[in-house]
Visitor: 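Take a look at this one; I'll ask things after.
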There are 2 protein chains.
Amino acid sequence: MARKIGSSSEITGPRIRDAALRLFARHGFAAVSMRQIAAEVGVQAGALYLYTADKQALLFDLMQDHMTDLLCTLQALPQCSDPAAQLDQFARFHIGYHLDRPDAVFIAYMELRSLSPENFAAIESLRRRYETHLQEILSEGAAKGVFTLSDAKMATLALIAMLTGVTNWYREGGRLSRSDVQTLYADMALRAVSGPPI
Amino acid sequence: MARKIGSSSEITGPRIRDAALRLFARHGFAAVSMRQIAAEVGVQAGALYLYTADKQALLFDLMQDHMTDLLCTLQALPQCSDPAAQLDQFARFHIGYHLDRPDAVFIAYMELRSLSPENFAAIESLRRRYETHLQEILSEGAAKGVFTLSDAKMATLALIAMLTGVTNWYREGGRLSRSDVQTLYADMALRAVSGPPI
DNA sequence: GTCTATAAATGGATAGAC
DNA sequence: GTCTATCCATTTATAGAC
């Protein structure tokens with residue numbers, strides 16, 4: 001591949017995405033201007049349009065890449081057959097992954113309403129695939145008598161909301177280590193779907 | 001009180017707040033213009049400034065009134081001494097209250113970042129008082145040996161995140177009744193903090 | 001109390017020089 | 001590939017007529 005003298009195009013693209021991710025997470029998509037993103041990268045606003053069709057495409061690409069990576073990473077986890085171990089693994093994975101990417105996660109949950117209808121449908125589809133993964137763990141566990149569920153779909157959404165909530169308060173270097181938090185949340189999740197029937 | 005002929009000022013104020021609440025919840029604070037709010041009410045943009053100092057004050061008032069009402073309603077609940085019954089009551093209250101006011105709740109959680117620093121501090125203070133209420137239920141229950149907690153603060157935030165998550169999916173007239181959902185979530189919450197130590 | 005009109009600033013996006 | 005300059009639409013907020 002030919003060397004491009006005096007060009008930083010191979011690095012400007014990612015830097016734009018990084019800046020947009022951080023600014024969208026901090027202030028919200030609608031509150032961030034293209035000029036702000038450009039200033040953060042150190043280029044002029046016009047230069048952004050060499051890397052993205054428009055502001056909406058920039059948001060969509062960030063969200064789509066996040067969801068795709070989330071699903072790929074999830075599916076690369078080692079398989080196990082014990083439902084309780086599967087739930088424990090999922091809970092630890094979900095928390096670890098989310099704590100590693102607070103900005104991407106925040107945007108994926110907060111900016112769904114900023115997407116165009118077509119883009120929203122695409123992201124929703126990916127999100128549903130992720131939820132289905134947990135729902136299958138819960139349903140299989142219930143079928144085996146390991147879990148106590150009245151409604152697998154509802155329990156899925158309740159657990160994901162609980163696990164995702166960790167991003168609202170966890171700060172590196174705080175009172176609890178990441179591993180502590182993973183253990184405690186995984187334990188609460190397991191308990192929430194265990195025990196005697198209602 | 002003197003009758004004001006040809007005036008609808010006593011109803012326009014609330015209508016502005018209602019419209020702002022709905023629009024902010026649907027599209028986000030930054031994405032909604034004063035003109036949109038005015039159009040929804042059926043007045044011109046300039047007329048809004050008879051009822052609010054600016055857009056920021058409109059958001060703050062909505063959030064402050066929501067949090068104040070939430071706290072007042074919570075504190076008006078009948079007292080009981082059994083920790084499990086207290087947690088059950090809190091869970092049912094939280095879900096019922098939140099399902100009754102989806103827009104206000106959504107804004108209170110999503111638009112914290114849209115507040116000025118001073119306004120943010122005020123709302124955060126109210127939110128912390130709400131969380132403390134649940135935390136005290138959990139701590140007292142743990143002290144009495146009814147609950148199993150490694151960390152009361154963390155369990156508080158985990159449970160509130162789980163309970164609040166119901167607003168993301170619950171729709172009136174769906175498969176589950178509101179009472180069903182309250183029962184199932186209250187049960188999951190109770191289980192999550194019960195059982196043998198880790 | 002509401003309107004029209006407008007000020008003053010900022011938004012997304014594009015054109016063309018370099 | 002980036003910059004400067006600019007277009008055009010839209011924003012918040014105010015002034016003054018009615």
Side-chain angles (χ1 to χ4, degrees), chain A residues 1-21 23-24 26-63 107 111 113-119, chain B residues 1-21 23-24 26-63 107 111 113-119:
Chain A
M1 181 161 44
R3 175 97 180 284
K4 298 181 188 173
I5 305 283
S7 162
S8 57
S9 71
E10 284 154 11
I11 199 174
T12 301
R15 297 220 313 140
I16 289 172
R17 295 164 51 85
D18 286 353
L21 191 74
L23 288 172
F24 289 165
R26 191 110 59 210
H27 307 291
F29 173 75
V32 173
S33 71
M34 296 297 269
R35 282 176 177 81
Q36 277 179 271
I37 298 170
E40 190 89 352
V41 176
V43 299
Q44 293 296 316
L48 298 183
Y49 292 89
L50 294 169
Y51 301 93
T52 185
D54 53 24
K55 197 184 173 191
Q56 170 71 206
L58 184 53
L59 174 64
F60 177 66
D61 287 345
L62 290 174
M63 293 180 71
I107 289 172
E111 298 297 350
R113 63 184 172 187
S114 300
L115 292 169
S116 68
E118 311 78 45
N119 288 345
Chain B
M1 183 160 47
R3 174 99 180 283
K4 297 182 189 172
I5 305 284
S7 163
S8 57
S9 72
E10 283 155 11
I11 199 174
T12 301
R15 297 221 311 143
I16 289 172
R17 295 163 52 85
D18 286 352
L21 192 74
L23 289 171
F24 288 165
R26 191 109 59 207
H27 307 291
F29 174 75
V32 173
S33 71
M34 296 296 268
R35 280 177 178 80
Q36 278 179 271
I37 298 170
E40 191 89 352
V41 176
V43 298
Q44 293 296 317
L48 299 183
Y49 292 88
L50 294 170
Y51 302 92
T52 186
D54 53 25
K55 197 185 174 191
Q56 169 73 204
L58 184 53
L59 174 64
F60 177 66
D61 287 346
L62 289 173
M63 292 179 72
I107 290 173
E111 298 298 350
R113 63 186 173 187
S114 300
L115 292 170
S116 68
E118 311 79 46
N119 288 345

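Scope of the values below: all heavy atoms of this structure, side chains included, with no hydrogens, waters or symmetry mates.
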Visitor: Roughly how far, to the nearest 0.5 Å, is the OG1 atom of A/Thr12 from the CG atom of A/Leu50?
Guide: 9.5 Å

Visitor: Can you measure B/Leu58 atom CG to D/dA13 atom C1' for me and round it to whole angstrom units?
Guide: 14 Å

Visitor: D/dT11 P sits how many Å from B/Gln56 CD, rounded?
Guide: 18 Å

Visitor: Run the side-chain contact (heavy atoms from CB on, under 4.5 Å) test on A/Ile37 and A/Phe24 for me, step by step, so that the C-alpha distance in whole Å, both residues' side-chain angles and the decisive distance to 0.1 Å come before the verdict.
Guide: CA-CA 9 Å; A/Ile37 298 170; A/Phe24 289 165; 4.0 Å; yes

Visitor: Counting only side-chain N and O atoms of B/Tyr49, is one of them less than 4.0 Å from OP1 or OP2 of C/dC3?
Guide: no

Visitor: Return the set of residues passing side-chain hydrogen bond (donor to acceptor under 3.5 Å, both in side chains) with B/Gln44 (not counting sequence neighbours), or none when no residue passes.
Guide: none

Visitor: Does a nitrogen or oxygen in the side chain of A/Thr12 sit under 4.0 Å from OP1 or OP2 of D/dT2?
Guide: yes

Visitor: Rounded to the nearest 0.5 Å, how far does CG of B/Leu58 lie from CE of B/Met63?
Guide: 12.0 Å

Visitor: Of the listed nucleotides (D/dA13, C/dT2, C/dA13), which one gets closest to any side-chain atom of A/Lys55?
Guide: C/dA13

Visitor: With distance as the sole test, does B/Glu40 use its side chain to make a donor-acceptor pair with the main-chain N or O of B/Ile16 at under 3.5 Å?
Guide: no

Visitor: If I take atom CD1 in residue A/Ile16 and atom C1' in nucleotide C/dA13, what distance separates them, rounded to the nearest angstrom?
Guide: 14 Å

Visitor: Starting at CG of B/Leu50 and ending at C1' of D/dA13, how long is that distance when rounded to a whole Å?
Guide: 12 Å

Visitor: Can you list, in residue-number order, the parts of residues 31-46 of chain A that come under 4.0 Å of DNA chain D, counting heavy atoms only?
Guide: A/Arg35, A/Gly42, A/Val43, A/Gln44

Visitor: Under the salt bridge (Lys or Arg N to Asp or Glu O under 4.0 Å) rule, what pairs show up with a residue in residues 44-63 of chain A, not counting sequence neighbours?
Guide: none

Visitor: Looking at residues at least two apart in the chain, or sitting in another chain, which of them share a side-chain hydrogen bond (donor to acceptor under 3.5 Å, both in side chains) with A/Ser116?
Guide: A/Glu118, A/Asn119

Visitor: Within the sub-3.5 Å range, which N or O atoms of nucleotides 16-18 of chain C have a protein N or O partner, and how far apart are they?
Guide:
none

Visitor: Once side-chain hydrogen bond (donor to acceptor under 3.5 Å, both in side chains) is applied, do any residues pair with A/Arg113, and if so which ones, sequence neighbours excluded?
Guide: B/Glu111

Visitor: In whole angstrom, give the distance that lies between atom CG of B/Leu48 and atom C1' of D/dT14.
Guide: 13 Å

Visitor: Please walk me through it: do B/Arg17 and B/Tyr51 pass side-chain contact (heavy atoms from CB on, under 4.5 Å)?
Guide: CA-CA 9 Å; B/Arg17 295 163 52 85; B/Tyr51 302 92; over 6 Å; no

